[in-house]
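Notes follow the structure.
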Amino acid sequence: MTPTELLQEDSIVTDHASFIPNYLANYLWIALGAVGGASARYFLSTLMARNFSSAFPYGTLLINVTGSLVLGFFLVFSTERALLDPRWRLLVAIGFCGSYTTFSSYAFESFALMEQGQWLLTGINVVGSNALCLAAVLAGAALARGL
């Protein structure tokens with residue numbers, strides 16, 4: 001189930017009198033997670049930029065891989081291992097991971113590398129990001145299932 005499907009599943013309200021308060025509460029959980037995700041993203045991006053060459057987007061790659069690991073772990077853990085309150089999915093999967101991971105940055109940085117004629121780095125970024133992020137989701141799911 002995707003984070004979007006989880007949000008839609010948790011947003012079904014049969015009592016129309018409680019629709020607005022529940023809807024607003026969902027947004028607040030997402031916003032709280034988003035603040036944490038965006039802050040973590042900024043911190044790691046800054047740290048990576050200070051410590052590694054700017055010739056390759058190491059920060060974006062690290063963020064996408066770790067975000068994939070967190071999302072894979074959390075969604076499997078919260079659906080197969082623990083019965084967590086659905087608000088945790090809003091907070092972590094949609095809020096935190098949604099603002100933490102940087103797919104749009106990855107796409108733009110890949111485009112910029114292509115425009116600069118850095119074909120090898122473009123290939124490494126595209127293949128590395130996709131393969132490592134998929135592997136990270138699989139690793140996160142395996143970790144959650146191993147608990």
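Keep in mind that the numbers below use all heavy atoms, side chains included, and drop hydrogens, waters and symmetry copies.
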d(Asn22 CG, Arg87 CZ) to nearest 0.5 Å is 9.0 Å
The side-chain contact (heavy atoms from CB on, under 4.5 Å) partners of Tyr27 (sequence neighbours excluded) come to Tyr23
ask   = Are Phe96 and Ile94 joined in one hydrophobic group, where the rule is that I, L, V, M, F, W and Y side chains link up if heavy atoms are under 4.5 Å apart?
value = no
So CH2 of Trp88 and CZ of Phe77: to nearest 0.5 Å the spacing works out to 11.0 Å
Residue set satisfying side-chain contact (heavy atoms from CB on, under 4.5 Å) with Leu138, at least two apart, ordered chain then number -> Leu134
Is there a chain of hydrophobic side chains (I, L, V, M, F, W, Y, each step under 4.5 Å between heavy atoms) that links Ile30 to Val35? no
Heavy-atom nearest pair, Leu113 first then Pro57, reads CD1-CD, 4.1 Å
Applying side chain to side chain contact (heavy atoms under 4.5 Å, CB included), run through Leu91 and Leu32 and close with a yes or a no. CA-CA 7 Å; Leu91 180 81; Leu32 183 61; 3.9 Å; yes
By salt bridge (charged side-chain N to carboxylate O under 4.0 Å, His left out), Arg81 pairs with (sequence neighbours left out) none
Margin query: Hydrophobic cluster membership, with links at side-chain heavy-atom distances under 4.5 Å among I/L/V/M/F/W/Y: are Val65 and Leu75 in one?
Written below: no
- Query: So, do Pro86 and Leu90 sit near enough that their side-chain heavy atoms are less than 4.5 Å apart?
  - Reply: no
Residues 96-113 vs side chain to side chain donor-acceptor pair (under 3.5 Å), sequence neighbours excluded, gives Arg41-Ser105, Thr60-Glu109, Asn64-Thr102, Thr66-Tyr100, Tyr106-Asn130, Ser110-Asn125
Between Leu61 and Ser129, the two heavy atoms sitting closest are CD1-OG, 3.3 Å
Residues passing the side-chain contact (heavy atoms from CB on, under 4.5 Å) test with Leu83, sequence neighbours excluded, are none
- Message: Quick one, Leu147 and Phe73 - any side-chain contact, counting heavy atoms below 4.5 Å?
- Response: yes
Problem - Leu69 with Leu44, same ILVMFWY side-chain cluster at under 4.5 Å - result: no
Do Val127 and Phe103 share a hydrophobic cluster (ILVMFWY, side-chain heavy atoms under 4.5 Å, transitive)? no
In short, Val137 meets Ser68 closest at the heavy-atom pair CG2-O, 3.4 Å
So the ring pair (Phe, Tyr, Trp, His ring centres under 6.0 Å) pairs with at least one residue in residues 31-68 (sequence neighbours excluded) are Phe52-Tyr58, Phe56-Tyr58
One should read off an interatomic distance between Ser54 OG and Met48 CE, to the nearest 0.5 angstrom, of 12.5 Å
Pair Val76-Arg145, side chain to side chain contact (heavy atoms under 4.5 Å, CB included): steps then yes or no: CA-CA 7 Å; Val76 168; Arg145 288 182 176 135; 3.5 Å; yes
Within the structure provided, determine whether Arg89 and Leu84 are in side-chain contact (heavy-atom separation under 4.5 Å). no
